[in-house]
Amino acid sequence: MIETLDIAFERAGHSRITEFDENNIQFGKVYSDHMFMAHFKKGYWKDMVIKPFGNLSISPANTTLHYGQSVFEGLKANRAKNGDILVFRPEANARRMIKSAERMCIPPVSEEMFMATMTELLRIDRDWVPSKPGTSLYIRPVCFGMDPYIGIRPSEEYAFMIFTSPVGAYYTEPVTVKIETHFTRAAAGGVGAAKTAGNYAAALYPATLAQKEGYNQLIWTDGVHHEYIEESGTMNVAFLIDGTLITAPTGDTILNGITRDSILTLAREWGIEVEERKLSIKDLMIAINSGNLNEAFGIGTAATIAPIKSIGYEGADYNLPSVDSWELAPKLLKTLDDIKTGKVEDVHGWVYRI
Ligand SMILES: *Cc1c(COP(=O)(O)O)cnc(C)c1O
């Protein structure tokens, strides 16, 4: 399955691993010793190298800086008890990155190249995969235009990089969210389904306003009438209403989360009623007011499951039943953790072992 690629290797003169404390990891602050890098020139990916993590040199006219022709991915590796490195569903990330790239006119990195280069990087920096419960190695592939050209057209040259960062638990506490009914994350025909740079820049301002009001995260609603729930911050979102697990269908405006797919798969196997359908704010409010909203949680690689303890809507806050009383979200979290760390049999073929 894996292409043999010609990857040059420049070893870091000095490993920084002793500078990092597995018991006290700050998200996204420490990077492993090496990074993978390739360049797309004249129709091919070439100059593949694994080298010390370090700064890039780019033109001030770099097209990505100005116009955001950039896509990325996020996935995690865990350490199994026997020391093996287990990566969760990397092929799905590779395929999603191809889709994001196509939407942004970026020449896609093939699934084979993604897998082979990620594997090689993880082999070299395998000591950076932490083993403490709740910790993992976050893997960040990113691909962007490199032309030193300020005209607007697809870049001719691109860079593809993978670097990694040891991480602890993302959210430790249940979160408060605000239903956003003014700003829009994504519109039909837009780029909401692509993991592309600009989506996240555009979300910063509304998210900052919500944070000033005391919320941790936003719940985005549709860009037409702000009537239907879409996703939460950088996560998909699901609601357990009267025993039925409801989440918005993915499409143009909702990112096709791999955690989302994993959770829906598990819930269906457990005999839970699952509905992928539009959920209106109105129906959510009815469920809250009648006591039928059992659980609500964000779903994504960073947090896996982020339980929601209260929902703000039009200035009022609605509390959910105490997270201690929930059954589904904790069971989903534990099952996924056990699969990711190799504690239970991987019946779905989700785990890629290095
Ligand atoms: C990455 C991301 C998700 C979650 O996807 P996972 O594959 O589960 O990590 C959800 N929404 C947005 C907007 C994202 O960028």
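Atoms within a ligand are numbered from 1 in the order they appear, just like the ligands themselves. Model, not experiment: these values are computed from the prediction.
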Taking only residues two or more places apart in sequence, or in another chain, which ones meet Ala12 in a side chain to side chain contact (heavy atoms under 4.5 Å, CB included)? Asp33, His34, Pro52

If you look at every heavy atom in Val30 and Phe20, which pair is closest and at what distance? CG1-CB, 4.0 Å

Please name all residues satisfying salt bridge (charged side-chain N to carboxylate O under 4.0 Å, His left out) with Asp338, sequence neighbours left out, ordered by chain then number. Lys334

Looking at Arg16, I'd like to know if its CZ atom is crowded, meaning that more than 12 non-hydrogen atoms belonging to other residues, nucleotides or ligands lie closer than 6.0 Å. yes

Quick check on ligand 1: any N or O pairs to the protein under 3.5 Å? One line per pair.
from	atom 1	to	atom 2	distance (Å)
ligand 1	7 (O)	Arg96	NH1	2.8
ligand 1	7 (O)	Arg96	NH2	3.1
ligand 1	7 (O)	Ile258	N	2.8
ligand 1	8 (O)	Ile258	N	3.3
ligand 1	8 (O)	Thr259	N	2.9
ligand 1	8 (O)	Thr259	OG1	2.6
ligand 1	9 (O)	Thr301	N	2.9
ligand 1	9 (O)	Thr301	OG1	2.6
ligand 1	11 (N)	Glu231	OE1	2.5
ligand 1	15 (O)	Lys195	NZ	2.7
ligand 1	15 (O)	Tyr200	OH	2.4

Without swapping roles, check the side chain of Tyr138 against the backbone of Gly168 for a donor-acceptor pair under 3.5 Å. no

What side-chain donor-acceptor pairs closer than 3.5 Å can you find for residues 311-318, not counting sequence neighbours?
from	atom 1	to	atom 2	distance (Å)
Asp317	OD1	Tyr215	OH	2.6

